[in-house]
Amino acid sequence: MDKIWLKSYPPGVPTEIDAGQYRSLVHLQEEAFRKYADRNAYVCMDKFLTYAEVDAYSKKLGAWLQSRGLKKGARVALMMPNVLQYPIALAAVLRAGYVVVNVNPLYTPRELEHQLNDSGSEAIIILENFATTLEQVLGKTSVKHIVVASMGEMLGGAKGMLVNFVVRNVKKLVPAFSLPNAVRFKQALAQGGGMKLTPVELTHTDIAFLQYTGGTTGVSKGAALSHRNIIANILQSEAWSQPGLNKAPRVETLTIVCALPLYHIFALTACALWGTRMGALCLLIPNPRDIGGFIKELSKHPFHILPAVNTLYNAMLNHPDFAKLDFSGLKIANGGGMAVQQAVNDKWKKVTGIAIVEGYGLSETSPVATCNPSDSAVFTGTIGLPVPSTDIAILDDAGQPVALGQPGEIAIRGPQVMSGYWNRPDETAKVMTPDGFFKSGDIGVMDERGYVKVVDRKKDMILVSGFNVYPNELEGVIALHPGVLECACVGVPDEHSGEAVKVFVVRKDPALTAEALMAYCKEQFTGYKRPKFIEFRDELPKTNVGKILRRVLRDEKKVA
């Protein structure tokens with residue numbers, strides 16, 4: 001393969017990384033615990049945890065888990081938002097020799113039951129706010145050990161008690177539950193303090209995470225990510241970020257804003273694990289949907305790296321207090337999870353002074369596969385270049401590479417690519433090529449510089465009278481209209497053209513009419529691309545990470 005992208009690499013970025021420098025993620029974490037012992041590792045609701053404290057707490061919790069009789073490789077589910085217990089539990093599970101199964105706390109009982117059973121989880125560490133969901137399905141799962149955490153318990157003293165009182169009694173965010181055999185998080189730490197953590201021999205091929213995909217292509221599947229997969233992606237991210245981090249002034253200790261949920265692969269790698277490797281401070285935001293509260297937390301800390309999705313960037317920019325923040329320390333604003341829109345980037349750069357650096361990846365790739373240069377001063381409208389040690393191929397339906405500049409399925413090969421889907425060899429075979437490429441399901445093109453542009457997902461493409469229409473293109477242009485806050489395009493059945501374009505719009509300007517937006521689209525798009533229908537909504541359905549769910553909009557039309 002002609003790796004044309006290498007000639008576009010920023011100076012100082014290596015073309016390869018060495019994933020062999022760590023035996024396991026535990027090796028990487030324990031090195032950081034020693035090296036940065038006195039540094040703050042996490043802060044949440046004004047409570048700091050040092051690397052030494054994460055080390056000590058995770059040893060205790062790991063020893064407690066081992067005392068339950070769980071064997072090496074047992075799956076332990078984590079069902080928490082961004083609270084201090086999460087990084088402690090994360091390190092504890094890995095150090096004890098187990099596999100982390102990240103669970104979305106907002107799952108319904110049906111979704112939770114599926115994930116616990118599919119993964120074969122034997123233990124779960126859960127925030128009490130969501131314990132009622134577990135109670136409803138516990139008897140249908142193989143979970144035997146439950147640790148229940150609370151919002152306030154790690155904050156200490158009167159503050160911790162006050163937070164728990166408010167969460168439970170004022171905001172009433174903890175529905176009544178009954179889990180008779182559950183142990184409280186602090187109780188497990190206390191019991192584990194009298195035990196010894198037994199070191200477990202882990203290798204590169206041992207599974208570290210079962211990271212469940214959103215299930216947008218069918219039943220939710222667990223991407224089996226090995227210790228090597230995650231180590232590789234941490235080191236790839238570190239190498240790729242150097243030009244951005246080296247911009248003056250140099251910072252000794254980085255602060256990473258962790259507003260995306262840690263149970264999601266983007267924040268897991270880009271915030272918690274990469275942050276650990278760098279000795280950074282992670283600012284944990286339990287509820288980024290409270291934009292006012294989020295901005296208040298940002299005002300307390302100089303911050304240097306801010307990973308987010310397009311919808312979160314947009315929400316921040318539309319809050320009156322956002323522009324008052326101090327952006328002088330901001331070095332890198334990473335965009336991922338969904339397409340970053342030109343309109344959002346332009347406003348972001350105007351307010352903060354830096355462009356959003358868009359990257360691309362999936363749960364199956366740990367996640368980062370491509371990224372724009374971290375010191376880029378311009379928004380490229382692409383997902384950038386393959387990161388070190390990564391190959392990208394653009395394939396046709398027969399699995400053959402297409403000509404440069406032609407659209408095809410983006411396929412990824414590298415040390416960060418999963419070993420397969422958990423217990424689903426049939427599904428694994430559908431996405432892996434004989435020569436080791438993972439077929440992403442996304443349609444993209446690569447230019448002569450090696451930059452890749454996502455045109456759309458295969459399933460999101462709209463076919464109008466034989467012409468391919470890609471929603472990303474339409475949404476990016478429609479979002480530039482000053483009266484539009486957010487939008488999503490889907491295909492709906494049409495007796496004349498097979499499918500027609502329908503756009504769902506959240507207005508920024510209440511006076512915006514469908515006729516005015518239609519006139520704008522007529523100026524911007526050739527005939528077959530223009531929306532035939534426009535529907536205004538107060539909000540659009542989104543994942544908990546903030547990604548707009550076109551599938552939900554499509555499915556609701558079928559029901560109707």
Side-chain angles (χ1 to χ4, degrees), residues 29 32-33 36-62 64 78-93 105 125-130 147-171 173-174 183-190 192-193 253-263 267-268 271-273 275-276 278-306 325 329:
Q29 287 181 307
F33 294 156
Y36 307 118
D38 296 333
R39 285 191 189 180
N40 288 318
Y42 294 91
V43 59
C44 184
M45 293 184 276
D46 300 324
K47 170 66 176 176
F48 288 87
L49 279 185
T50 65
Y51 278 90
E53 288 173 317
V54 178
D55 181 16
Y57 284 136
S58 63
K59 265 185 191 163
K60 292 175 182 178
L61 184 59
W64 184 88
L78 304 186
M79 190 170 175
M80 294 177 280
N82 292 0
V83 290
L84 292 171
Q85 293 94 327
Y86 182 95
I88 294 168
L90 173 70
V93 173
I125 302 172
I126 186 170
L127 192 72
E128 63 181 6
N129 304 41
F130 313 104
V147 179
V148 178
S150 68
M151 285 295 294
E153 68 191 338
M154 297 304 295
L155 304 179
K159 179 170 183 178
M161 289 189 284
L162 178 62
V163 166
N164 277 343
F165 178 82
V166 171
V167 168
R168 292 166 181 166
N169 303 298
V170 179
K171 296 188 176 180
L173 295 176
V174 184
V183 174
R184 284 283 170 176
F185 192 87
K186 289 291 282 281
Q187 188 183 351
L189 289 180
T253 304
L254 295 167
T255 297
I256 302 173
V257 178
C258 193
L260 299 175
L262 284 167
Y263 59 79
L268 177 69
C271 297
L273 295 169
T276 296
M278 303 292 286
L281 169 66
C282 266
L283 168 58
L284 298 180
I285 307 295
N287 179 19
R289 294 186 178 192
D290 173 10
I291 298 294
F294 175 26
I295 291 171
K296 186 177 177 184
E297 289 302 308
L298 287 177
S299 70
K300 298 175 184 176
H301 308 274
F303 53 95
H304 309 107
I305 300 173
L306 200 165
L325 291 172

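Since the model is a prediction, treat every value here as computed from it, not as a measurement.
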Worksheet item: Who pairs with Tyr36 by ring pair (Phe, Tyr, Trp, His ring centres under 6.0 Å), at least two apart in sequence or on another chain?
Response: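 For Tyr36 the ring pair (Phe, Tyr, Trp, His ring centres under 6.0 Å) partners, ignoring immediate neighbours, are Tyr51.
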Practice prompt. Taking ring pair (Phe, Tyr, Trp, His ring centres under 6.0 Å) as the test, write out the residues that go with Phe303, two or more places apart.
Written response: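 Not a single residue meets the ring pair (Phe, Tyr, Trp, His ring centres under 6.0 Å) criterion with Phe303.
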Using the test side chain to side chain donor-acceptor pair (under 3.5 Å), find all partners of [X] that sit at least two apart in sequence or belong to another chain.
| X | answer |
| --- | --- |
| Thr276 | none |
| Asn40 | none |
| Asp38 | none |
| Thr255 | none |

Less than 4.5 Å apart, any side-chain heavy atom of [X] and any of [Y]?
| X | Y | value |
| --- | --- | --- |
| Val167 | Val174 | yes |
| Ile125 | Met79 | no |
| Met151 | Leu173 | no |
| Tyr42 | Val83 | no |
| Trp64 | Leu189 | no |
| Ile256 | His304 | no |
| Gln85 | Tyr57 | no |
| Met154 | Phe185 | yes |

Discussion item. According to salt bridge (charged side-chain N to carboxylate O under 4.0 Å, His left out), who are the partners of Glu153, at least two apart in sequence or on a separate chain?
Written reply: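 Checked Glu153 against salt bridge (charged side-chain N to carboxylate O under 4.0 Å, His left out); zero matches.
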Do you know the tightest heavy-atom contact between [X] and [Y]?
| X | Y | answer |
| --- | --- | --- |
| Ala188 | Leu61 | CB-CD1, 4.0 Å |
| Gly62 | Ala92 | N-CB, 3.6 Å |
| Leu127 | Pro81 | CD2-CD, 3.7 Å |
| Asn82 | Cys44 | O-SG, 3.7 Å |
| Lys60 | Gly193 | CG-CA, 3.8 Å |
| Ala149 | Arg184 | O-NH1, 4.2 Å |

Item to complete: Assess whether side-chain contact (heavy atoms from CB on, under 4.5 Å) is satisfied between Ile126 and Val148, documenting all intermediate values.
Response: CA-CA 5 Å; Ile126 186 170; Val148 178; 4.2 Å; yes
Worksheet item: Which value, rounded to the nearest 0.5 Å, describes the distance between Met45 atom CE and Leu84 atom CG?
Response: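 It is 7.0 Å, given to the nearest 0.5 Å.
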Worksheet item: Out of curiosity, Leu49 CG to Ser58 OG, how far, rounded to the nearest 0.5 Å?
Response: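 OG of Ser58 is found 10.5 Å from CG of Leu49.
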Fill in: Trace of the side-chain contact (heavy atoms from CB on, under 4.5 Å) decision for Val257 with Ile305
CA-CA 6 Å; Val257 178; Ile305 300 173; over 6 Å; no
Among residues at least two apart in sequence or on other chains, which ones pass side-chain contact (heavy atoms from CB on, under 4.5 Å) with [X]?
| X | result |
| --- | --- |
| Ala52 | Ala37, Thr50 |
| Val43 | Phe48, Leu281, Leu283, His301 |
| Asn287 | Arg289, Asp290 |
| Ala267 | Cys258, Leu260, Leu262, Cys271 |

Worksheet item: Going through the checks in order, is the side-chain contact (heavy atoms from CB on, under 4.5 Å) test met by Tyr263 and Leu78?
Response: CA-CA 8 Å; Tyr263 59 79; Leu78 304 186; over 6 Å; no
Discussion item. Under the criterion side-chain contact (heavy atoms from CB on, under 4.5 Å), I'd like the reasoning laid out for Asp46 against Lys300: C-alpha separation, chi angles, the key distance, then a yes or no.
Written reply: CA-CA 9 Å; Asp46 300 324; Lys300 298 175 184 176; 3.0 Å; yes
Worksheet item: Restricting to pairs with a member in residues 154-168, which pass side-chain hydrogen bond (donor to acceptor under 3.5 Å, both in side chains), not counting sequence neighbours?
Response: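 Every pair satisfying side-chain hydrogen bond (donor to acceptor under 3.5 Å, both in side chains) with a residue in residues 154-168: Glu128-Arg168, Ser150-Asn164.
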